Protein chains: 2
Amino acid sequence: MAAKPFAPVTSESIGDYLKAILELGGSEELRVTTKALAERLRVRTPSVTGMLQRLAAERPALVVYQKHHGVQLTAAGKRRAWELVRHHRLLELFLHDVLKYSWDEVHDEAERLEHFISERFEDRVAAILGDPEIDPHGHIIPHKYEAAACRDEVPLARWALQTPATISSVRDRDPAALREIERLGFMPGTGLVVERRNAASSLSVRIAGQADGMRISLDLAECIFVIAPAG
Amino acid sequence: MAAKPFAPVTSESIGDYLKAILELGGSEELRVTTKALAERLRVRTPSVTGMLQRLAAERPALVVYQKHHGVQLTAAGKRRAWELVRHHRLLELFLHDVLKYSWDEVHDEAERLEHFISERFEDRVAAILGDPEIDPHGHIIPHKYEAAACRDEVPLARWALQTPATISSVRDRDPAALREIERLGFMPGTGLVVERRNAASSLSVRIAGQADGMRISLDLAECIFVIAPAG
DNA sequence: ATATGAAATTAGGTTATCCTAATTCTGGCC
DNA sequence: GGCCAGAATTAGGATAACCTAATTTCATAT
């Protein structure tokens, strides 16, 4: 949308920045760099600097911004960002379960719509889905007004060798990777062991209960998140 | 959204203008005035003039624009406008039937989302609704790629006295009017007769099969569209 | 302690959309 | 046929979000 004289204090762009800061900061809420944001949002660094200054100047401030030292979300920024994450994950599950999207189709549509659905829409979707906890890719759907629960998940690429792991979630932004993950059977909940790291940027992995292992690329292993097996 | 250097040839604003031209032009596709558009879109007339010049300059042109003499849609403009009308009406029905919105809540949400849903979303919603023909307010849902069928409907305010009429549809943009219409029982499909016009800008109306008539304001009667009863 | 390269910021510019104020066109009326 | 009110347009400006080019800051390695 354009520059109405009394633009809302939030916009699609602002939402995208806040969500990116949330996701790049991780559960430790590290300060996020200008460059990382520029890459994630596919804009140039001066655009990021400009937007961060705006977000910090907003009343109430949405980020804490120290020139040359990155940004963190304030409580207000976190609230908005988690709201968008909730919208995104609810929409993904809704598109998958109700509108029969395949799991690699849901991300792009959810990424667009998350900015435009009303609170009523959010509530009604949650209701017809039965207040779900987990989205189609295994991510926790945060509750309303609540910073999401976090899990100690790690990309499979960094999991210790020979140590049982359970797939907790998969990155949702790459349709090709998602199709590959599905084809190979790496669905959330699946147990596995990394047997060794090979020279050619690949990992030898064996799924629990299967005799044969398989090789997957490190790139793919960066898209699969694992936790220690339950119990 | 903002001004990316290679903005899409369509935007939320452009869509709003095209839809407004479609709706104000009516089925005869009359030329629409700058002022009428400015009022409908709640912007000032210079903004309209500027946008009309853009739409006419677009390749392919979306409107035929003659300075001082109004605009009409071209085929390309009509296609886009009808697409949005289809989105709008499908969304209204979806929000009503699936997400359990009341019929006065659906318009605003549909008006926002119609610009952002993908073709896939449109198709899946149509599929789960069983390729519906009519939206919750009685409007025909145009088929894909097809200029909508038109009916010879007339606002109740202009229907002949003492002549049976059937309610074909109701205007969807005013939640208060919709609640009133529902309370009084003027749902699409209802038969009625206008018994007389009163001094105080009101009409005396009797619903088919009911003994007592009632008075409704001319304003409300402008929101109710009627046709001759089915053959 | 300083040089240096990467990262970040500032400076200045573009486009889309809106605005207000000033100007021009059009169509009806005498 | 000329005048006038209202409608429409042009002129000039604002804001959001982006961009490229130029400059500054930081962090580290000698």
Side-chain angles (χ1 to χ4, degrees), chain A residues 1-21 24-25 30-59 61-72 80 111-112 115-116, chain B residues 1-21 24-25 30-59 61-72 80 111-112 115-116:
Chain A
M1 267 257 58
K4 301 202 174 169
F6 304 107
V9 285
T10 171
S11 69
E12 196 180 347
S13 272
I14 290 177
D16 285 337
Y17 277 88
L18 294 176
K19 230 180 55 155
I21 295 167
L24 292 171
L30 298 171
R31 274 170 303 187
V32 175
T33 64
T34 303
K35 195 179 176 231
L37 280 168
E39 273 163 17
R40 161 66 72 112
L41 296 169
R42 299 162 163 286
V43 299
R44 302 300 178 153
T45 54
S47 306
V48 174
T49 300
M51 180 60 100
L52 295 184
Q53 290 172 347
R54 265 198 66 209
L55 296 179
E58 208 72 53
R59 302 272 98 165
L62 296 167
V63 299
V64 176
Y65 169 57
Q66 258 206 307
K67 269 196 174 58
H68 296 284
H69 295 286
V71 265
Q72 286 177 285
R80 177 69 185 140
E111 189 80 359
R112 214 172 340 102
H115 299 286
F116 304 111
Chain B
M1 267 258 55
K4 302 202 176 173
F6 303 107
V9 287
T10 171
S11 69
E12 194 178 348
S13 272
I14 289 177
D16 285 338
Y17 277 89
L18 294 176
K19 232 180 55 156
I21 295 166
L24 292 171
L30 298 171
R31 274 171 302 189
V32 175
T33 64
T34 302
K35 194 176 178 236
L37 280 168
E39 274 164 15
R40 161 66 72 110
L41 295 169
R42 300 163 162 285
V43 298
R44 302 301 178 151
T45 56
S47 306
V48 174
T49 300
M51 180 60 99
L52 295 184
Q53 291 172 345
R54 264 199 69 208
L55 296 180
E58 208 72 52
R59 307 264 97 169
L62 297 167
V63 300
V64 176
Y65 169 56
Q66 258 207 307
K67 269 195 173 61
H68 295 285
H69 295 284
V71 266
Q72 286 177 286
R80 177 69 185 140
E111 190 80 358
R112 214 172 338 102
H115 299 287
F116 304 110

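Atoms considered below: every heavy atom in the structure, side chains included; atoms not considered: hydrogens, waters and symmetry mates. Letters A, B, ... mirror the listed sequences (proteins, then strands); counts begin at 1. What you are looking at is a predicted structure, and each value in this text was computed from that prediction instead of being measured.
Distances shown here put a side-chain N or O of A:Y17 below 4.0 Å from the OP1 or OP2 atom of D:dC18. Applying the 4.0 Å criterion to OP1 and OP2 of D:dA16, one finds that A:S13 has every side-chain N and O outside that range. In this model, the phosphate group of C:dA8 is not approached by any side-chain N or O of A:Q66 to a distance below 4.0 Å at OP1 or OP2. Taking 4.0 angstrom as the limit, A:Y65 places none of its side-chain polar atoms (N or O) nearer than this to OP1 or OP2 of C:dA8. At the phosphate of D:dA8, neither OP1 nor OP2 sits under 4.0 Å from any side-chain N or O atom of B:T49. The phosphate of C:dT26 has neither OP1 nor OP2 within less than 4.0 Å of any side-chain N or O from B:K67. Here B:R44 does not reach the OP1 or OP2 of C:dC18: none of its side-chain N or O atoms lies under 4.0 Å away.
Atom-to-atom, NE2 of B:H69 to C1' of D:dT9 comes out at 12 Å; the value is rounded to the nearest Å. Taking atom CZ of A:R42 as the reference point, atom C1' of D:dC19 lies 17 Å away to the nearest angstrom. In this entry the distance linking CD of B:Q53 with C1' of D:dA8 reads 10 Å, nearest Å. Taking atom CD on B:E12 and atom P on C:dT15, their separation rounds to 22 Å, with Å as the unit. In this structure, CG of A:L52 is placed 16 Å from P of D:dA16, rounded to the nearest angstrom. For the pair B:I14 CD1 and C:dT15 C1', the interatomic distance rounds to 12 Å; values are reported in whole Å.
Residues A:A20 and A:L41 approach most closely at CB-CD2, 4.0 Å, considering heavy atoms. When all heavy atoms of A:T45 and A:A38 are compared, the closest pair comes out as CG2-CB, 3.8 Å.
Residue B:R31 qualifies as open at atom CZ: its count of foreign heavy atoms under 6.0 Å is 12 or below.
By the 4.5 Å heavy-atom criterion applied to side chains, A:K19 and A:E111 are counted as neighbours. Using a 4.5 Å heavy-atom threshold, the side chains of B:I14 and B:M51 count as touching. Using a 4.5 Å heavy-atom threshold, the side chains of A:Y17 and A:V43 count as touching.
Listed by residue number, the members of residues 32-39 of chain B with any heavy atom below 4.0 angstrom from DNA chain D are B:T33, B:T34, B:K35.
Paired with A:L18 under the rule side-chain contact (heavy atoms from CB on, under 4.5 Å), one option of A:V63, A:V71, A:T10 passes, and it is A:V63.
Closest to the side chain of A:H68, out of D:dC26, D:dC18, C:dC25, is D:dC26.
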